[in-house]
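Accompanying notes for the structure given below.
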Amino acid sequence: MGDLWEGLTRAVWLVLTLDPDLMEISARSLQVTLTALVIATAIALPLAALLSVRRFRWRRAVIAVLNALMGLPPVVVGLIVYVILSRSGPLGVLGLLFTPTAMVIAQVVIIVPLIASIAHQSLRELWQEYHDLLISMNVTQWQKISTLLWDGRRALLTASLAGFGRAIGEVGAIMIVGGNIDNATRVLTTAIALETGRGDFALALALGFVLIGLAVGINLAIHWLGRTEREGRW
Amino acid sequence: MGDLWEGLTRAVWLVLTLDPDLMEISARSLQVTLTALVIATAIALPLAALLSVRRFRWRRAVIAVLNALMGLPPVVVGLIVYVILSRSGPLGVLGLLFTPTAMVIAQVVIIVPLIASIAHQSLRELWQEYHDLLISMNVTQWQKISTLLWDGRRALLTASLAGFGRAIGEVGAIMIVGGNIDNATRVLTTAIALETGRGDFALALALGFVLIGLAVGINLAIHWLGRTEREGRW
Amino acid sequence: MTELFPLVLEGACTRRGGKDLAGPVDLRLEGQGASIIIGPNGSGKTSLLRLIHGAARLSAGTITWACPTDTARHHQAFVFQRPVMLRRSVAQNIAYPLRLRGVGRRAALDQARDWGVRVGLADCLDLPAPVLSGGEQQKLALARALITEPRVLFLDEPCAALDGAATRDIETILADAKAAGTRIIMTTHDIGQARRLADEVIFLLHGRVHDRARADIFFDAPATSEAAAFLRGDIVQ
Amino acid sequence: MTELFPLVLEGACTRRGGKDLAGPVDLRLEGQGASIIIGPNGSGKTSLLRLIHGAARLSAGTITWACPTDTARHHQAFVFQRPVMLRRSVAQNIAYPLRLRGVGRRAALDQARDWGVRVGLADCLDLPAPVLSGGEQQKLALARALITEPRVLFLDEPCAALDGAATRDIETILADAKAAGTRIIMTTHDIGQARRLADEVIFLLHGRVHDRARADIFFDAPATSEAAAFLRGDIVQ
Amino acid sequence: RAAEVMRMAVTTSFHNSGLADVLLPQIAEDLDLEVQLLVVGTGQAIRLGEAGDVDAILVHSRSAEEAFVAGGYGTHRREIMYNDFVVIGPAADPAGLREAADATGALRAIAEAEAPFVSRGDDSGTHKKELSLWSDAGVAAEGDWYNAVGAGMGAALNTASGLGAYILADRASWLNFANKGDLDLVFAGDPVLFNQYAYLPVNPERHPHTRHALALTLEDWLTSDTAQVLIDGYTIGGETLFTFNADQGAGQ
Ligand SMILES: Nc1ncnc2c1ncn2[C@@H]1O[C@H](COP(=O)(O)OP(=O)(O)OP(=O)(O)O)[C@@H](O)[C@H]1O
Ligand SMILES: Nc1ncnc2c1ncn2[C@@H]1O[C@H](COP(=O)(O)OP(=O)(O)OP(=O)(O)O)[C@@H](O)[C@H]1O
Ligand SMILES: [Mg+2]
Ligand SMILES: [Mg+2]
């Protein structure tokens, strides 16, 4: 328990003194996660909308697999990305291993299924509501998708935030592909893992509290921004 | 790339020979995750329904925080649970540290916000549909909640599956509170982390493929069961 | 049996997005007969009904039943303009209010089937409710409201989607209920129906009670020029 | 201008859950005037309309327009019994079909406002569409259908929730459209309205065309006893 | 299933050697005792001992061990065996370590060539050893070529393999490491690289619930002749890994 308390005070202290190391790894955490989030969202949302509006033979199977891939174990993703990016792997020549880019790639792989599944869940409901109207208007696939995405934007926020949460708290994969290299690929989660291994639980907890604070702060900010839109039934 | 291929063949081999170690840790993975899932679902779904039907002062804030907690970093959860369950912690006398129970506790903490957020997302929509009717019928809070949960059960499946996925692939927290003890608390993910540390990527990947297969299999099974219900608009 | 009426509204008003949807309204309703609320589209009929029933928020003023509001609520039922279908079978939808009141599963479903047959849903009792046709959904909503034998029945254009025969059946059921003492408060755009059912008419305009009179007086010699125009089917101001 | 009609249905049928919702239907529709489909609740009017329009799956038979189906679809509009409100403002809802056709934002919104005013929604153009009253939603759906100046207009009980004045206005708009060459295919439970608008009547029973006749003949001397009973407001078999 | 169970925290390098897989079954057989291993970083192992969450620890970081005993967390420190550290690097050996005379010379060669080097950077026994070697060599370990990865032995080796970098590792972990890539052993043998493992039972006065008696039984076994035979006889690919050096007279 003492550790919890000490962790809290150290977290406050680190933040108040604008500890340069903390700033650096926090900034890197945010940068990697937000980049991954933008890419993953750009892939997952249209995919989710497509799965909602388009009937094809293997649709149910694809959705089930997408759901299942939410359970993709990060360490395995990390390993696979490592094997592909490693010098002896097919993309080794790009020299991406142990760079933030590699971390972004791993995170994208991890959160795309999560965002797509959750987004599909709410877009499907919206599609049921809109189905008759849009079909009767003879809209193209692309128009269906963009209408759903636009009118469902509030609900899609939850999907994106879930992805953000998963990505910023992720450690298994980015430890493997990023390598937790000081000043290069160390982020909050890998730093926490490091301090835990060192037995400095208080510092690990302090970093953890900073990370939680960051995640909560960003969520609250987004919700607050969302609220400034006109309050309506959607 | 060779590792990927070798991993695949070894995965097939391990499964076909019913490797006893594999069976044991797979069974433990499933047992821990399913227990955590049942508990977390029992907490998260009613909570989500309550947040949908009940207006109170801090409702928006609670929802935003719940969303934010989806980003709870597993290592931090692991540490906090460790500090609490440790012999020198407040619940140390229970002697739960390094047991499957501790792993269940950590997983519950991690997936409750995820399940609750996603469930709330779809229950909110359902509640908008049902609101007028239920209000006019003067139903109790509890009846509202049970009606929403029952009629929204299909959508809640996605929420639970997301929780299942996150729990079964989780390694950071259960490594800390479970300790990855052979024959006692080793599960698939911690075994993968161990083999990765040994540099035996092929075996790690093989275990990873088994894990992915397990997750996909369970998802497909659940979807298939879901389909055997009467096909309707819900 | 506790007395629910008279019901008194004083300056009652429901507001949304800075706009008065209905009200302020002063109204005293006695315990007998059928009050029909009529008025142009958007005049606030639905809002007023919901306000009286307690489904819309009271933004100003007071609404007082002769008994505690909870008791009053317990004896009311509401049929919405756009019926809400629970994602269950038709029979389960109709049985739902009974189940809420603690009636056993079997007994509730049996009664639900009876009522389903009475409103003309005999063929679709086991269909999922959301696939019903527009008229069938309205019938379901009616059965679901009537099954609890409410003492006050709110109906928001209950026959808008019904064919002639169904409308007549429902009107008979409503007349029977009225005769048995059920207080009916209803909106409709069908002036013929209003004539057949109304004991008194409340004419709404811009959210306010513009005219209120005994049915025969209202239809034969409306007191205001707006009401007269409305009955003629002219545009009201 | 390519010719859409005649439209020929041969054994057309839409099935769901093992039940024929409408059909099998053999029908030949020519390019002029208004066909009014009437029939009891659940007789398949909505299903038939959706089938012709192409919004319901054709389970058996054929439906042939005089031109490629895609061209035909492009010139149609549909007003649903239960209007679908996009989660946008009223003006944006009405402008939506124009935006789909590539009309610029400003131009589309300007036209949408015009149409909104014409159907009587002047006061609510900037409200979110889902909060509209039942009648207002129906008006919105009408404006949204009319704005593309379709050559075939499907209407499923478009005036069920409208007051007398609005009903008359809409009937005038429909009559104007018909005069301008728009083909109207519509269902209604309002026999008076059917009389006013119909050139021909299609009487549906159990999903099949039971009777079909010129309007004056149908209303004055219905050929089948069922149609006669329906017009009297009796229960049909 | 054994009748008794106890928990021991060990470092990753010990576990990665594979020696545990040889010792634990024999312990179970001889003592009817199941030893549950918690494989963690050195610092974490010591914290687990301090918190009383394990009954004994087996680590290799002398100063931390002495502080552990001095703080009253452990009853005593018992040396069991040692192995040695080795320098691993690209087989091509661009910095020329194979010609180095001693460990400090080897490190200096890396620094001069500015060849990529991976450091554990996690305050583990291996990391502390590396830092003391750098200071002995009189080289400031910093610069673009120096990558502090903050990870366990295996993860650090993986990173070195990915980067084609030099790294200081214990011989056991190296020999058991499967993802060697084009890494090779480039320097070993300097006595300064010896790596002493010690066993420390947790103090039962501080943590009465700990199974101290079992910890002592295990200590006796670890310093016994049986253990000596197993430890000295443990080889990988023909190489001996550990040298038993317990003072068999010092038992309690
Ligand atoms: N949340 C809201 N914000 C602003 N205006 C609203 C809101 N909800 C409803 N309105 C408006 O309030 C008015 C009254 O609506 P109400 O549903 O009571 O009308 P009504 O008399 O039942 O009409 P109808 O005959 O068409 O059913 C409508 O003009 C509607 O647009
Ligand atoms: N998915 C479905 N499965 C089974 N039956 C269905 C399904 N969808 C509709 N039906 C049934 O098909 C029949 C025809 O429905 P339709 O909506 O076409 O009737 P309608 O003539 O428009 O009735 P109304 O006048 O009430 O609008 C109804 O009895 C309805 O219950
Ligand atoms: Mg209304
Ligand atoms: Mg219909």
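Values below: every heavy atom of this structure, side chains too, minus hydrogens, waters and symmetry copies. We name chains A, B, ... by the order of the sequence lines, and we start the count at 1 in each one.
- Contacts of C/A55 with chain B are made by both backbone and side-chain atoms, with heavy-atom separations under 4.5 Å.
- A donor and an acceptor atom, one from each side chain of C/D126 and C/S89, are nowhere located under 3.5 Å apart.
- In this structure, the portions of B/T147 lying under 4.5 Å from any heavy atom of chain C include both its backbone and its side chain.
- Taking the ring axis of B/W58 as reference, the NZ or CZ atom of B/R60 does not stay both within 45° of it and closer than 6.0 Å to the ring centre.
- Using a 4.5 Å cut-off between heavy atoms, C/F154 makes no contact with chain B at all.
- For the pair B/E129/B/L126, a side-chain contact is recorded, criterion being any heavy-atom separation below 4.5 Å from C-beta on.
- Counting non-hydrogen atoms of neighbouring residues, nucleotides and ligands closer than 6.0 angstrom, the CZ atom of B/R55 exceeds 12 such neighbours.
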